Amino acid sequence: MSDNSGERRGFGVNVGSASIVMIFAVLCLVVLATLTLLSANSEQKLAARSAQAVSDYYAADAQALDIYAALHRSIVEQGNTPAQAARETDGVQLLSAAQGGFLSYAVDIDGQQQLQVLLEPAAERLEVVAWQAVTVGEWEVDTYLHVWSGD
C-alpha cells in the first residue's frame, strides 16, 4: 500500500471557478440592465420631445385654419377684395395686386419654425398655393472637428 498523501487528485470542478463564472454572469446582467434602463430613459425623452413638436405643429395649424376661415368669410362670403381682407385680418399681407393678388401669412410653431401659408383668391374660393412648415431660426455651422490629439 502506498501513501499518496502529498498528491492532489484533479477530479471535478473547483468551487472557485464556479464562483467566478457566477460573478461574471451577474456582472453581465447588471451591465445589460443598466444599458436597458439608459436606453428606455432616452427613448422616453425622445418621445416626449416628439409629442411636444406634434402638439406645437397642430396648434399652429389650427391657428392658421382660423385665419384662413376669416379670409374665406371676408372674400368669398362678404365679397371683399383681397386687399380689404388683408387689412381686416392681422398678420396677412397682400403680395401682388395684379389679378387679385396673393395673400400670405405665417404662424409660429416654435422658436425655430413657422407655418407659412400662401393663398390665391380664385372664383368663389381661396386656393391654397403653399401650406408648409419652414425653419426660421438661426443656424450656426459647427466647424470644429473633434479629433483625438494623442494626449
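The figures here come from the full heavy-atom set of this structure, side chains too, leaving out hydrogens, waters and symmetry mates. These numbers come from a predicted model, not from an experiment.
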Starting from V107, can I reach V136 by hopping between I/L/V/M/F/W/Y residues whose side chains sit under 4.5 Å apart?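 No; tracing contacts between hydrophobic side chains, which count when under 4.5 Å, never links both residues.
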Is L32 linked to V21 within one hydrophobic cluster, defined over Ile, Leu, Val, Met, Phe, Trp and Tyr using a side-chain heavy-atom separation of less than 4.5 Å?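 No, because L32 and V21 fall into different hydrophobic clusters, even though each may have its own neighbours under 4.5 Å.
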Report all side-chain donor-acceptor pairs from residues 58-69 shorter than 3.5 Å, counting only partners two or more places apart or in another chain.
from, atom 1, to, atom 2, distance (Å)
D61, OD1, W131, NE1, 2.9
Y68, OH, L126, O, 3.0

Pairs touching residues 31-52 that satisfy side chain to side chain donor-acceptor pair (under 3.5 Å), sequence neighbours left out: Q52-D56
Gap between atom CZ of R125 and atom CD1 of I75 - 0.5 Å precision: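 Taking CD1 in I75 and CZ in R125, the distance rounds to 13.0 Å.
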Write down the atom of [X], the atom of [Y], and the distance for their closest heavy-atom approach.
X: Y57; Y: A133; result: CE1-CB, 4.4 Å
X: G101; Y: P121; result: O-CD, 2.9 Å
X: P82; Y: L103; result: O-CD2, 3.6 Å

Only counting residues at least two apart or in another chain, list the ones meeting ring-ring contact (aromatic ring centres under 6.0 Å, His included) with F24.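 ring-ring contact (aromatic ring centres under 6.0 Å, His included) list for F24, sorted by chain: empty.
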Step-by-step side-chain contact (heavy atoms from CB on, under 4.5 Å) determination, Y105 to T89: CA-CA 10 Å; Y105 60 93; T89 310; over 6 Å; no
By side chain to side chain donor-acceptor pair (under 3.5 Å), Q93 pairs with (sequence neighbours left out) none
Determine, stepwise, if the pair F102 / V129 fulfils side-chain contact (heavy atoms from CB on, under 4.5 Å). CA-CA 9 Å; F102 288 94; V129 177; 4.0 Å; yes
Only distances under 3.5 Å count here; give the side-chain donor-acceptor pairs of residues 108-118 to other protein atoms, sequence neighbours excluded, each with its distance to 0.1 Å.
from, atom 1, to, atom 2, distance (Å)
D108, OD1, Q114, NE2, 3.2
D110, OD1, Q112, N, 2.9
D110, OD1, Q113, N, 2.8
Q114, OE1, Q116, NE2, 3.4

Of all residues at least two apart in sequence or in a different chain, which pass the salt bridge (charged side-chain N to carboxylate O under 4.0 Å, His left out) check with E88? none
